[in-house]
Peer 1: 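Attaching a single structure in structure tokens format; questions to follow.
Convention: sequence-line order gives letters A, B, ...; per-chain numbering from 1.
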Amino acid sequence: MDRSDVGALVRSAVDGDAAAWKALVEGLSPLVWSVVRAHRLSDADGHEVYQTVWFRFAQNLGRIREPHKAGSWLASTTRHESLKVIRSSQRLMPTDDPQLLDRVSEDRTPEQSVLDSEEAAAESERIRRVWQEFEELGERCRQLLRVLMAAQPPSYQEVSAALGIAVGSIGPLRQRCLRRLRARLDARGAL
Amino acid sequence: MGDMNGLNGLYGHDFDEDGFDDGVSDEEPEDGAADGFDDGPDCDLLEEELRRAAAVLDPVPTELYRIAMEAFSLRDLDARIAELTFDSLTDAIPVRGVLDPPRMLTFSAEGLSVDVEVTSEGLMGQVLPPQTARIEVLSGPRTAAPLTADDLGRFTCDAPPAGPFALRLRTGAEVVVTEWLRA
């Protein structure tokens, strides 16, 4: 899905076009999920936030004032709901550390197993190293890169809505964070 | 979503400070040209690498795609939406020592509001101004539990919502749906 199609897809979906809705879900789900993960929500909380966001999007479909900015609408709603989750868990368990649930697990998912085929072993290893170094970046970089790496790259407007930072600061911050990640990888001789 | 700004403070400090607590020295040369990494293309390649890693290691769970597809049926083009105007989670002052306070919610549409209290026991509420109504507790695209509000507008549901929920109210004159919310 091209980002320039979003407005037309929203308008078609309002008119009842299920294929347009499907294209929106496929095109923008990675953004919603990335924003959830950027906020370090657990699986259970993340699933509920994701669903709340899409239910609300469906409910408001005909009322969204700027259909071409639906991605920003989704990103901002996801951020808002994620912060609510963080706030409620802080209220209930003020001493708990933020859960670190998006660590690479030792259990292999089917996708990972595919990667473990012999030809793909090197690629798999590189991906794990990149991910591991990414996870150990400072919080601000980890958050920004987690949103930027969504499948179907998000626009800076969407990143801004997802993280509450100014559009103009995203480019410089992105470059700085990627440079830091590169430095970490170089230091480990990973790439 | 009127309280969105109120939440900025949560993360505000992260973005005010350096935040690069990642063990890489800040003395690192800023003119990355020296190490051959100042370049857009190199940044783009690394970002692509991250994108591939995310697709393998932290993809959108498949069942969530399915649920979002089905959510298309939640378009309620004829209903009016009652927006969340009060949420004790964000709008009330926390009470010290109360570990699991009830969640108090108010949804408002023009001329009608719904107060809802969610506890571990279930859900209680009142339609205002008081009036009878048929109420469905929606918990996703396919499920709904029907309730009736008495002539004072009061209703109860014995099970707390599991996950996101919304209320669909049919009064004599119209259909009103509350904004979806995570309980």
Peer 1: For residues B:Arg182 and A:Thr52, report the shortest heavy-atom separation together with the two atoms involved.
Peer 2: CB-OG1, 3.8 Å

Peer 1: Show the nearest heavy-atom pair for residues B:Pro164 and A:Gln51, with the distance to one decimal.
Peer 2: CG-CB, 3.9 Å

Peer 1: With respect to B:Glu49, which candidate in A:Met149, A:Arg126, A:Arg129 satisfies the side-chain contact (heavy atoms from CB on, under 4.5 Å) definition?
Peer 2: A:Arg126

Peer 1: Regarding A:Arg174 and B:Asp44, does a basic nitrogen lie under 4.0 Å from an acidic carboxylate oxygen?
Peer 2: yes

Peer 1: Tell me whether A:Val159 is reachable from A:Val167 by hopping between hydrophobic residues (I, L, V, M, F, W, Y) whose side-chain heavy atoms are closer than 4.5 Å.
Peer 2: yes

Peer 1: Just wondering, are more than 12 heavy atoms of other shown residues or ligands nearer than 6.0 Å to CD in B:Glu110?
Peer 2: no

Peer 1: If you take all heavy atoms of A:Phe55 and B:Ser139, which pair is closest and at what distance?
Peer 2: CE1-O, 4.4 Å

Peer 1: For a quick test of reading the model, state the closest non-hydrogen atom pair linking A:Ser88 to B:Leu89 and the distance between them.
Peer 2: CB-CD1, 3.2 Å

Peer 1: Is there a chain of hydrophobic side chains (I, L, V, M, F, W, Y, each step under 4.5 Å between heavy atoms) that links B:Val56 to A:Trp131?
Peer 2: yes

Peer 1: Apply the test side chain to side chain contact (heavy atoms under 4.5 Å, CB included) to residues A:Lys84 and B:Asp87: give CA-CA distance (whole Å), side-chain angles for both, the deciding distance (0.1 Å), then the verdict.
Peer 2: CA-CA 10 Å; A:Lys84 260 198 187 184; B:Asp87 183 346; 2.6 Å; yes

Peer 1: Within the side chain of A:Arg179, is there an N or O that forms a donor-acceptor pair under 3.5 Å with the backbone of B:Cys43?
Peer 2: no

Peer 1: Flag yes if B:Phe107 and B:Leu152 sit in one hydrophobic cluster, no otherwise; membership is Ile, Leu, Val, Met, Phe, Trp, Tyr, and two members link when side-chain heavy atoms are under 4.5 Å apart.
Peer 2: no

Peer 1: B:Asp58 versus A:Arg146: any side-chain heavy-atom pair under 4.5 Å?
Peer 2: yes

Peer 1: Return yes when atom CZ of A:Arg65 has more than 12 non-hydrogen atoms of other residues, nucleotides or ligands closer than 6.0 Å, and no otherwise.
Peer 2: no

Peer 1: Hydrophobic clusters here meaning ILVMFWY residues chained together by side-chain heavy-atom distances under 4.5 Å, can you tell me if A:Leu173 and A:Tyr156 are in one?
Peer 2: yes

Peer 1: Under a 4.5 Å heavy-atom cut-off, does chain B meet the side chain of A:Ala44, its backbone, both or neither?
Peer 2: neither

Peer 1: What part of B:Leu138 is in contact with chain A, defined as an atom under 4.5 angstrom from a non-hydrogen atom: side chain, backbone, both or neither?
Peer 2: neither

Peer 1: If you round to the nearest 0.5 Å, how far is OH of B:Tyr65 from OH of A:Tyr50?
Peer 2: 6.5 Å

Peer 1: Heavy atoms only, distances under 4.5 angstrom: which of B:Gly163, B:Ala68, B:Ala71, B:Ala166 has the most pairs with chain A? Name it, please.
Peer 2: B:Ala68

Peer 1: Looking only at heavy atoms, which two atoms of B:Arg75 and A:Gly16 are closest? And how far apart?
Peer 2: NH1-CA, 3.5 Å

Peer 1: Does the A:Trp21 side chain pair with the main chain of B:Met69, one donor and one acceptor, at a distance under 3.5 Å?
Peer 2: yes

Peer 1: Is any side-chain heavy atom of A:Trp33 less than 4.5 Å from a side-chain heavy atom of B:Pro59?
Peer 2: no

Peer 1: How far does CZ of A:Arg182 sit from CG of B:Leu45, to the nearest 0.5 angstrom?
Peer 2: 7.5 Å

Peer 1: Are more than 12 heavy atoms, taken from residues, nucleotides or ligands other than B:Asp78, located less than 6.0 Å from that residue's CG atom?
Peer 2: no

Peer 1: Counting heavy-atom pairs under 4.5 Å with chain A, which one of B:Ile81, B:Val177, B:Leu181, B:Ile67 comes out on top?
Peer 2: B:Ile81

Peer 1: Within this structure, what is the CZ-CG distance for the pair A:Arg56 and B:Leu84, rounded to the nearest 0.5 Å?
Peer 2: 7.5 Å

Peer 1: Looking only at heavy atoms and a cut-off of under 4.5 Å, which of B:Leu74, B:Leu64, B:Leu50 has the most pairs with chain A?
Peer 2: B:Leu64

Peer 1: For residues B:Leu147 and B:Leu128: do they belong to one hydrophobic cluster (side chain heavy atoms under 4.5 Å, members Ile, Leu, Val, Met, Phe, Trp, Tyr)?
Peer 2: no

Peer 1: Is A:Leu145 in contact with chain B via its backbone, its side chain, both, or neither, using a 4.5 Å heavy-atom distance?
Peer 2: side chain

